[in-house]
Number of protein chains: 2
Amino acid sequence: MERNGPRALFFDVFGTLVDWRNGIARESEAILSPLGHGLDWLAFADDWRAQYQPTLEQVRSGARAYVKLDALHRENVQPVLARHGVTDVSEQTLDELMNAWRRLPPWPDVPGALRRLRARFLLAPVSNGNISLMAGLARTNSFHWDAILGAELCGDYKPKPAVYLSACAALDLAPQDCVMVAAHTYDLAAAAALGLRTAHVARPDEYGPGKGEAAPGMAVDWAARDLSALADQLGC
Amino acid sequence: MERNGPRALFFDVFGTLVDWRNGIARESEAILSPLGHGLDWLAFADDWRAQYQPTLEQVRSGARAYVKLDALHRENVQPVLARHGVTDVSEQTLDELMNAWRRLPPWPDVPGALRRLRARFLLAPVSNGNISLMAGLARTNSFHWDAILGAELCGDYKPKPAVYLSACAALDLAPQDCVMVAAHTYDLAAAAALGLRTAHVARPDEYGPGKGEAAPGMAVDWAARDLSALADQLGC
């Protein structure tokens, strides 16, 4: 790494490191199928995830105080289930569904690449997921973080500037010493506007086959076909 | 672990997991001795550490807004050096001394015991040290935390209740599901008053030979001669 190279990598998690779509479909089926429910599991996952940005916007806009992403997942799941014809679900089952977000699988390149990157950089999730959700996903996938930063530390949601800046400040680093790593241009654009460096990781199938960002929609410092390729580019 | 046993262990760090006294003495000598300074390194470490509680009290009392422990260490080191006859020290050297707190050695039982405990419990520092300081110490000593909780997450200092309660809340746990692990009765007393369980680890030489807590000064849930013995008691 050059003398003035970055010191820390900040990771978006849902979609960038873990496959929420197939993960939620699989976990929801495992929870609901034994209860006699059959639905289009991938469509259910898509619909649940589609609540994500509108719900976060209530917090970002100030219309609502910060609450953990877990709580938003929990609120949103019942109406989405209802739209899929499932109405008779216990509170315990709804909690289990909320916790399915802790058991999402990594994209296959991720575990090995994170181990390589950790030898050279501080690594932290800067996700909209709350601390316990990030800690749970780290246990599920053997991610080894230096710290869990992001929305809960800040009390607001990406792409609000304070989320990125609070992460830099927690590590005593200037924005230019930090790289935001994400599969989503909107996330990288917000980080770049604050002076962070940016790395795009292609996840062309995030929302289904061919429905994801195969390339960044803006100029970035690094663009990689997966996290292993990013580790190569960063000289790890 | 019994069904209703604890889920998370919260660790005090300075004195409980790492030997700040010998560490600061050694690191300060390594920084200052090449500059021609010779002083009683252990006495210097003791005097620097003696600023700790009075300085934190300014924040706890509300007289001063929260600032990171790093900043307090940095402020305090210059007057303490002056009392030891050292006055001509550059800003860079003062920064290096501040960062010596990231390079403290563990008590010998700690690394192996943390690995054992991690198989069964969520592990987090709940220290007055800031996030970057905890992350640095974790790198120095290969500690693997699930999250870094404590003072910076809360914006106040132990033994204020909010520090312990913010740690429980970050992991979605009730206080009785969490164990505060410390070598200091005052820390355990504050945690116990909030309903956390308590584990005392003896560090009889923390402040010098025979100058540390060999036993808790209150009833605790577990009292252990070191962290390895605590892991034994917890069935790890």
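Just the heavy atoms: all of them, side chains too, but no hydrogens, waters or symmetry mates, feed the values below. So that the names make sense, note that chain A is the first sequence line, chain B the second, and so on, each numbered from 1.
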>> Can you tell me which of Leu149(A), Asp146(A), Ile148(A) forms the most heavy-atom pairs within a distance under 4.5 Å of chain B?
In response: Asp146(A)
> Taking NZ, NE, NH1 and NH2 as the nitrogens, is one of them in Arg74(B) or Asp172(A) under 4.0 Å from a carboxylate oxygen of the other?
Replying inline: no
>> Please classify the contact of Ala170(A) with chain B as side chain, backbone, both or neither, using a heavy-atom distance under 4.5 Å.
In response: both
>> With a 4.5 angstrom heavy-atom cut-off, is it the side chain or the backbone of Ala169(A) that approaches chain B, or both, or neither?
In response: backbone
> Between Ile131(B) and Ala147(A), which heavy-atom pair has the shortest distance, and what is it?
Replying inline: CG2-CB, 3.8 Å
>> Using every non-hydrogen atom in the two residues, find where Arg139(A) and Arg118(B) come nearest and quote the distance to one decimal.
In response: NH1-O, 2.8 Å
> How far does CD of Glu152(B) sit from OG of Ser166(A), to the nearest 0.5 angstrom?
Replying inline: 9.5 Å
> Around Arg115(B), counting heavy atoms of other residues, nucleotides and ligands shown, do more than 12 lie under 6.0 Å from its CZ?
Replying inline: no
> Heavy-atom count around Gln78(B) CD within 6.0 Å, excluding the residue itself: above 12?
Replying inline: no
